[in-house]
Participant: 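Can you read through this structure? Questions will come right after.
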Amino acid sequence: MRWSQLFIPTLREAPADAQATNHTLLIRGGFIRQLHSGHYSLLPLGLRVHEKVAAIVRREMEAIGAQEFLLPAMHPAEIWKKSGRWQAVGEELFRLVDRKGADNVLGMTHEEVFAEVAKEITSYKALPQIWFQIQWKFRDEPRPKGGLLRVREFAMKDSYSFDVDEAGLDSSFDAHRRAYERIFAALGLPTIAVQASSGAMGGSGSTEFMVPSPAGEDDIALCRECGYASNLERAQAQIAELVDRDLPDLMRFPTPGVRTIAALETVAGGATAVHQIKTMVMVLDGEVTLALLRGDHELELQKLADYTGAADVRPATPDEALKWLGAHPGSLGAVHVEDLRIICDPALRGRRGLTTGANEDDWHFSGVDVARDIAVDDWADLRRVKAAEPCVVCGMPLEVLRCIEAGHIFKLGTKYSSALGAFVLDRNGKQTPLVMGSYGIGIGRNLAAVAEVYHDDKGLVWPLAVAPFDVVITILNLKDAVSRRASETLYQDLLNQGIDVLLDDRGVRAGVKFADAELIGVPYRVTIGPRALAEGEVEITTRSTNETLRCPIGLVVEHLNEIVNKQKR
RNA sequence: CGGGACGUGGCGCAGUUCGGUAGCGCACCUGCUUUGGGAGCAGGGGGUCGCUGGUUCAAAUCCAGUCGUCCCGACCA
């Protein structure tokens with residue numbers, strides 16, 4: 001294509017609103033424009049990259065036998081009520097009422113609709129099936145951010161596997177895992193597969209594909225030694241043995257003004273944090289619950305939500321704490337509390353000689369024996385792992401990494417098929433619900449992740465696989481007829497080889513062309529100028545290395561064809 | 001939802017404290033010169049200052065409300 005005819009509105013400066021690297025560079029390079037928060041227009045350049053990402057995903061899905069569908073983006077509320085997500089999902093689900101007064105939803109994923117279609121699978125003989133689509137999803141995110149990383153409408157490849165039993169599901173799941181590894185390799189994204197929470201979707205075997213990046217929103221724990229990797233939402237670590245203090249008797253003591261763990265460490269009669277109990281008053285779907293942790297440990301909210309199955313988890317307000325426990329935060333404890341559910345982290349199991357709030361402002365207990373003094377209802381891992389703690393598997397120090405979630409696969413089981421009535425007959429003639437898996441990759445998010453990983457101070461540095469163009473031909477002097485002729489010939493020849501080539505035939509100065517070519521990140525630039533041309537040569541510059549080599553003009557096509565098509569294979 | 005910042009030509013910003021009818025850089029248009037790293041000179045077009053209401057002779061500027069955007073946290077298939 002000819003640059004002079006394309007709409008590529010490059011910007012010297014990025015809008016003040018753009019913060020994330022992918023955001024500023026995609027805006028400056030003329031790939032995207034924001035319409036409003038969480039909604040972006042893909043401009044021609046952005047769409048080209050988007051489609052190349054989608055094509056890679058499509059190719060690898062088809063390679064595992066997946067069939068492409070296109071389902072409606074808008075659904076009747078009825079199927080969401082059947083699956084239970086109408087209630088379970090909450091405000092993230094876009095809901096709208098049509099002229100007849102009927103409730104509708106804009107799909108955030110398509111388990112319900114695919115399960116509806118899957119009702120027509122009636123025999124185990126038709127299984128397994130893997131179905132996918134690349135379709136727009138809508139999510140009323142509380143806070144869109146990071147350019148294309150977190151938005152309210154976006155294209156997602158979602159696939160669903162249908163099997164007659166768990167063994168079949170395992171096999172479909174593994175096929176997806178391998179397909180995803182190939183997809184991310186093709187995109188040039190270094191991913192780490194981690195154990196994850198399946199959140200509101202329900203299911204098990206939840207695995208996320210994470211790209212380490214400071215622009216990400218998830219933290220993972222990673223062991224370089226044994227390969228243990230988990231989202232912090234469910235990561236575990238070993239806990240060193242502790243010797244309890246010898247304080248056999250429960251004692252109330254005054255602690256005027258002491259409101260924090262840290263303050264309690266230094267006050268007379270206090271205790272270091274490891275000898276304290278942290279009492280978090282939480283409200284789970286409206287029910288007040290106490291979450292107990294060792295003083296130096298932090299609560300991982302998602303673990304609490306996963307364990308209890310609660311959809312809405314929040315800390316109690318100070319007023320609520322006062323109402324239920326009789327004191328304000330800072331003096332709260334679970335000793336002798338009978339009427340509230342108490343969930344306790346295993347780090348406190350069997351511990352004695354502990355210090356905790358006495359549920360009266362300015363008073364604490366010491367000598368607390370968890371087994372003797374606290375009516376624990378549930379023991380559940382609730383603590384958030386911290387960097388450098390020993391790996392739960394091998395004991396080596398864990399690393400904590402900020403990551404972008406590039407893909408997510410998990411085993412749904414029969415939740416949706418049972419709810420929506422998608423049953424088949426098995427080989428014994430017995431009716432059985434389809435066993436489903438669900439697998440997602442956000443196209444735009446992966447585009448953004450590539451941009452986050454591949455850029456430099458001059459702009460984007462697209463891997464060839466997703467670059468908007470493979471090659472840009474930069475004509476330095478448009479008025480030079482020899483240059484023009486050479487450029488046109490080369491342009492046609494490269495097109496004939498199936499290479500995506502952009503001819504920069506704009507009447508602007510060389511510096512502008514160089515800067516723009518670098519900004520939009522085309523992997524290879526052919527510079528056609530009088531200097532080299534006088535010797536029958538052109539220059540080929542590699543964007544990623546900034547290396548330039550001279551090439552006789554007659555060999556350019558062959559040379560580029562070789563490097564471009566070699567990488568594409 | 002809590003905290004913070006901000007809305008002035010396409011983009012980046014100044015002007016707001018001490019009201020007087022909008023300015024700079026980039027971009028854009030025309031001409032001449034220039035032509036291997038975001039050119040120079042000259043001329044020119046474009047905004048009523050997010051929106052609504054109020055105060056005032058007079059509001060970008062003061063007051064109230066409202067909408068929107070970004071960041072941190074909360075939350076988040």
Side-chain angles (χ1 to χ4, degrees), chain A residues 7 9-20 23-24 27-28 30 33-39 80 83 85 88-94 105-112 137-147 149-152 154 156-158 160 196-203 206 208 217-218 231 233 282 299 301-302 305 310-315 317 405 407-410 412 416 438-442 445 458-459 474-480 483 506-519 525 527-534 538-539 541 546 548:
Chain A
F7 183 64
T10 58
L11 257 29
R12 216 156 164 171
E13 291 179 281
D17 285 345
Q19 300 290 328
H23 195 191
T24 58
I27 295 277
R28 285 189 54 214
R33 286 295 184 264
Q34 180 170 344
L35 180 60
H36 70 144
S37 183
H39 301 262
W80 285 72
S83 73
R85 293 165 93 193
V89 175
E91 291 184 312
E92 198 185 350
L93 184 62
F94 273 110
V105 317
L106 296 178
M108 58 199 313
T109 60
H110 282 71
E111 279 79 1
E112 287 83 356
K137 309 297 183 195
F138 298 85
R139 295 181 189 180
D140 194 353
E141 294 286 347
R143 186 154 89 83
K145 58 180 166 176
L149 283 177
R150 177 168 296 278
V151 291
R152 302 208 306 173
F154 57 96
M156 179 166 103
K157 184 290 296 176
D158 50 327
Y160 305 87
S197 160
S198 40
M201 296 291 303
S206 175
E208 290 170 340
E217 303 182 85
D218 285 275
N231 193 308
E233 290 173 356
M282 305 300 295
L299 175 65
L301 271 179
Q302 190 65 45
D312 178 40
V313 177
R314 63 170 176 87
T317 62
E405 180 191 338
H408 195 173
I409 60 179
F410 50 94
L412 288 176
Y416 293 91
S438 168
Y439 319 88
I441 289 184
R445 178 180 284 185
K458 290 174 181 168
T474 303
I475 316 171
L476 293 185
N477 189 347
L478 263 188
K479 288 184 181 145
D480 176 30
S483 292
R506 295 175 297 167
V508 297
R509 297 172 69 86
V512 175
K513 293 191 177 191
F514 290 146
D516 275 346
E518 283 155 354
L519 176 60
R525 184 181 83 213
T527 308
I528 294 186
R531 233 155 49 187
L533 210 53
V538 298
E539 292 164 15
T541 304
N546 201 34
T548 298

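Residue numbers start from 1 in every chain, and the chains themselves are labelled A, B, ... in the order their sequence lines are given, proteins ahead of strands.
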Participant: So, taking the atom named OG1 in Thr10(A) and the one named CG in Asp516(A), what distance separates them when rounded to the nearest 0.5 Å?
Facilitator: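 Going from OG1 on Thr10(A) over to CG on Asp516(A), the span is 3.5 Å.
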
Participant: Determine the contact category for Ala305(A): base if any of its heavy atoms lies under 4.0 Å from a base atom, sugar-phosphate if only primed atoms, P, OP1 or OP2 are that close, otherwise nothing.
Facilitator: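 Ala305(A): no heavy atom of the nucleic acid under 4.0 Å.
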
Participant: Atom NZ of Lys145(A) to atom P of G4(B): distance rounded to whole Å?
Facilitator: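 Atom NZ in Lys145(A) sits about 19 Å away from atom P in G4(B).
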
Participant: Whether His36(A) contacts G68(B) is assessed here as follows: a side-chain N or O lying under 4.0 Å from the phosphate OP1 or OP2. Is that the case?
Facilitator: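 Answer is no, no contact under 4.0 Å.
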
Participant: Under the 3.5 angstrom rule, does the side chain of Arg150(A) hit a backbone N or O of Pro144(A) as a donor-acceptor pair?
Facilitator: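 No, because the side chain of Arg150(A) does not come within donor-acceptor range (under 3.5 Å) of the backbone of Pro144(A).
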
Participant: Take atom C1' in G47(B) and the same atom in U35(B), then report the distance between them in whole Å.
Facilitator: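 These two C1' atoms come out 34 Å apart once rounded.
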
Participant: Now, which nucleotide makes the Watson-Crick or G-U wobble pair with G7(B), with each of the two distances under 3.5 Å?
Facilitator: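 Pair assignment: G7(B) / C67(B).
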
Participant: Tell which nucleotide pairs with C1(B), taking only Watson-Crick or G-U wobble pairs whose two distances are both under 3.5 angstrom.
Facilitator: G73(B)

Participant: For G23(B), give the paired nucleotide (Watson-Crick: N1-N3 plus N6-O4 or O6-N4; G-U: N1-O2 and O6-N3; both under 3.5 Å), or none.
Facilitator: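 The answer is C13(B), by the H-bond criterion.
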
Participant: Nearest 0.5 Å, what's the CD-CD1 distance between Glu208(A) and Ile409(A)?
Facilitator: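 It is 10.5 Å, given to the nearest 0.5 Å.
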
Participant: Please determine, for the side chain of Ala515(A), which listed nucleotide (G37(B), A27(B), C72(B)) has the closest atom?
Facilitator: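 Looking only at side-chain atoms, Ala515(A) lies closest to G37(B).
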
Participant: Can you name the residues that form a side chain to side chain contact (heavy atoms under 4.5 Å, CB included) with Pro315(A), not counting sequence neighbours?
Facilitator: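 Side chain to side chain contact (heavy atoms under 4.5 Å, CB included) list for Pro315(A), sorted by chain: Met282(A).
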
Participant: May I ask you to verify if any side-chain N or O of Arg143(A) is less than 4.0 angstrom from the OP1 or OP2 atom of C72(B)?
Facilitator: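 Yes, Arg143(A) has a side-chain N/O under 4.0 Å of OP1/OP2 on C72(B).
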
Participant: Please measure how far the C1' atom in G44(B) lies from the corresponding atom in A27(B), and state the result in whole Å.
Facilitator: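 Taking atom C1' in both G44(B) and A27(B), they lie 14 Å apart.
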
Participant: Gly147(A) near the nucleic acid: base, sugar-phosphate alone, or nothing, with a heavy-atom cut-off under 4.0 Å?
Facilitator: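 Answer is nothing: Gly147(A) stays at 4.0 Å or more from every strand.
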
Participant: Whom does C32(B) pair with, Watson-Crick or G-U wobble, provided both distances fall under 3.5 Å?
Facilitator: G40(B)

Participant: For atom C1', what is the distance between G65(B) and C24(B), given to the nearest Å?
Facilitator: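 Approximately 33 Å lies between the C1' atom of G65(B) and that of C24(B).
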
Participant: Could you check whether any side-chain heavy atom of Arg33(A) comes within less than 4.5 Å of a side-chain heavy atom of Pro9(A), counting everything from C-beta outward?
Facilitator: yes

Participant: Can you check the distance between C62(B) and G37(B), where both ends of the measurement are the C1' atom (answer in whole Å)?
Facilitator: 50 Å

Participant: Would you check if there is a donor-acceptor pair between the side chains of His110(A) and Lys137(A) at a distance under 3.5 Å?
Facilitator: yes

Participant: Contact class for Arg506(A) vs. all strands (heavy atom < 4.0 Å): base, sugar-phosphate, or nothing?
Facilitator: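 Counting heavy atoms under 4.0 Å across all strands, no contact is made by Arg506(A).
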
Participant: Identify the nucleotide, in any strand shown, that forms a Watson-Crick or G-U wobble pair with U56(B), with both distances under 3.5 Å; if there is none, say none.
Facilitator: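 Answer to the pairing question: none, since U56(B) forms no Watson-Crick or G-U pair.
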
Participant: Would you say the base of G36(B) and the side-chain of Asn477(A) have a donor-acceptor pair closer than 3.5 Å?
Facilitator: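 In this structure, the two groups form no donor-acceptor pair.
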
Participant: Could you work out the separation of G10(B) and G46(B) based on their P atoms and round it to a whole Å?
Facilitator: 13 Å

Participant: Determine the Euclidean distance between corresponding C1' atoms of U69(B) and U61(B); express it in Å to zero decimal places.
Facilitator: 22 Å

Participant: Within the 4.0 Å heavy-atom criterion, would you say Ala18(A) contacts the bases, only the backbone, or no part of the nucleic acid?
Facilitator: nothing

Participant: Taking any heavy-atom pair under 4.0 Å as a contact, classify Lys137(A): base, sugar-phosphate, or nothing.
Facilitator: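 Answer is nothing: Lys137(A) stays at 4.0 Å or more from every strand.
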
Participant: At under 4.0 Å between heavy atoms, what does Asp158(A) touch on the DNA or RNA strands: base, sugar-phosphate, or nothing?
Facilitator: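 Touches nothing.
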
Participant: Is Glu13(A) touching bases, backbone alone, or none of the nucleic acid, heavy atoms closer than 4.0 Å?
Facilitator: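 Touches a base.
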
Participant: For A39(B), take OP1 and OP2 only and decide whether either is under 4.0 Å from a side-chain N or O of Arg509(A).
Facilitator: yes

Participant: Side chains of Ser438(A) and Thr109(A): closer than 4.5 Å at any heavy-atom pair?
Facilitator: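 They are not in side-chain contact.
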
Participant: Among the nucleotides C26(B), G36(B), C70(B), which one has an atom lying closest to any side-chain atom of Asp17(A)?
Facilitator: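 For Asp17(A), the side-chain atoms sit closest to C70(B).
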
Participant: With sugar-phosphate meaning primed atoms plus P, OP1 and OP2, does Leu11(A) contact a base, only sugar-phosphate, or nothing at under 4.0 Å between heavy atoms?
Facilitator: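 No contact.
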
Participant: Heavy-atom nearest nucleotide on RNA chain B for Arg525(A) versus Pro144(A): which residue maps closer to 5'?
Facilitator: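 Per heavy-atom nearest nucleotide, the more 5' residue is Arg525(A).
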
Participant: Pro142(A): what forms a side chain to side chain contact (heavy atoms under 4.5 Å, CB included) with it, not counting sequence neighbours?
Facilitator: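 If we apply the side chain to side chain contact (heavy atoms under 4.5 Å, CB included) test to Pro142(A), skipping adjacent residues, there are no hits.
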
Participant: Counting any heavy atom closer than 4.0 Å, what does Ala16(A) reach on the DNA or RNA strands: base, sugar-phosphate only, or nothing?
Facilitator: sugar-phosphate

Participant: Under the 3.5 Å rule, do the base of G37(B) and the side chain of Glu518(A) count as making a donor-acceptor pair?
Facilitator: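 Side chain to base: pair present.
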
Participant: Which is true for Glu539(A) with a 4.0 Å heavy-atom rule: it touches a base, it touches only sugar-phosphate, or it touches nothing?
Facilitator: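 Here Glu539(A) touches the bases of the nucleic acid.
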
Participant: In whole Å, I'd like the distance from the CD1 atom of Ile27(A) to the C1' atom of U69(B).
Facilitator: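 Answer to the nearest Å: 13 Å.
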
Participant: Using atom P of each nucleotide, how far apart are A60(B) and C67(B) to the nearest Å?
Facilitator: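 Straight-line distance between the two P atoms is 23 Å.
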
Participant: With nearest nucleotides of RNA chain B determined for Glu141(A) and Lys513(A) from heavy-atom distances, which residue corresponds to the more 5′ nucleotide?
Facilitator: Lys513(A)

Participant: Determine whether Ile475(A) and Lys513(A) make a side-chain contact, defined as any pair of heavy atoms from C-beta on separated by less than 4.5 Å.
Facilitator: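 In short, these two side chains touch, coming nearer than 4.5 Å.
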
Participant: Students often get this wrong, so: under 4.0 angstrom with heavy atoms, is Gln34(A) touching a base, only sugar-phosphate, or nothing?
Facilitator: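 Sugar-phosphate, backbone atoms only, no base.
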
Participant: Quantified in whole Å, what is the C1' atom distance between nucleotide G12(B) and nucleotide C72(B)?
Facilitator: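 Approximately 24 Å lies between the C1' atom of G12(B) and that of C72(B).
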
Participant: Heavy atoms only, 4.0 Å cut-off, all strands: where does Pro15(A) land among base, sugar-phosphate and nothing?
Facilitator: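 Answer is sugar-phosphate: Pro15(A) comes under 4.0 Å of backbone atoms only.
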
Participant: Side chain of Arg28(A), heavy atoms from C-beta onward: which of U69(B), G38(B), G36(B) has the nearest atom to it?
Facilitator: G38(B)

Participant: Counting heavy atoms from C-beta on, name the nucleotide in C70(B), G37(B), C26(B) closest to the side chain of Arg12(A).
Facilitator: C26(B)

Participant: If you take atom types as modelled and just measure distance, does the side chain of Arg314(A) reach the base of C1(B) with a donor-acceptor pair under 3.5 Å?
Facilitator: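 Absent.
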
Participant: Measuring from the side chain of Val512(A) (C-beta onward, heavy atoms only), which nucleotide among C76(B), C70(B), G38(B) has the closest atom?
Facilitator: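 Side chain of Val512(A) sits closest to G38(B).
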
Participant: What is the distance from CZ of Arg445(A) to P of C76(B), rounded to the nearest Å?
Facilitator: 14 Å

Participant: With respect to the phosphate group of C70(B), does any side-chain polar atom (N or O) of Ser37(A) fall under 4.0 Å of OP1 or OP2?
Facilitator: yes

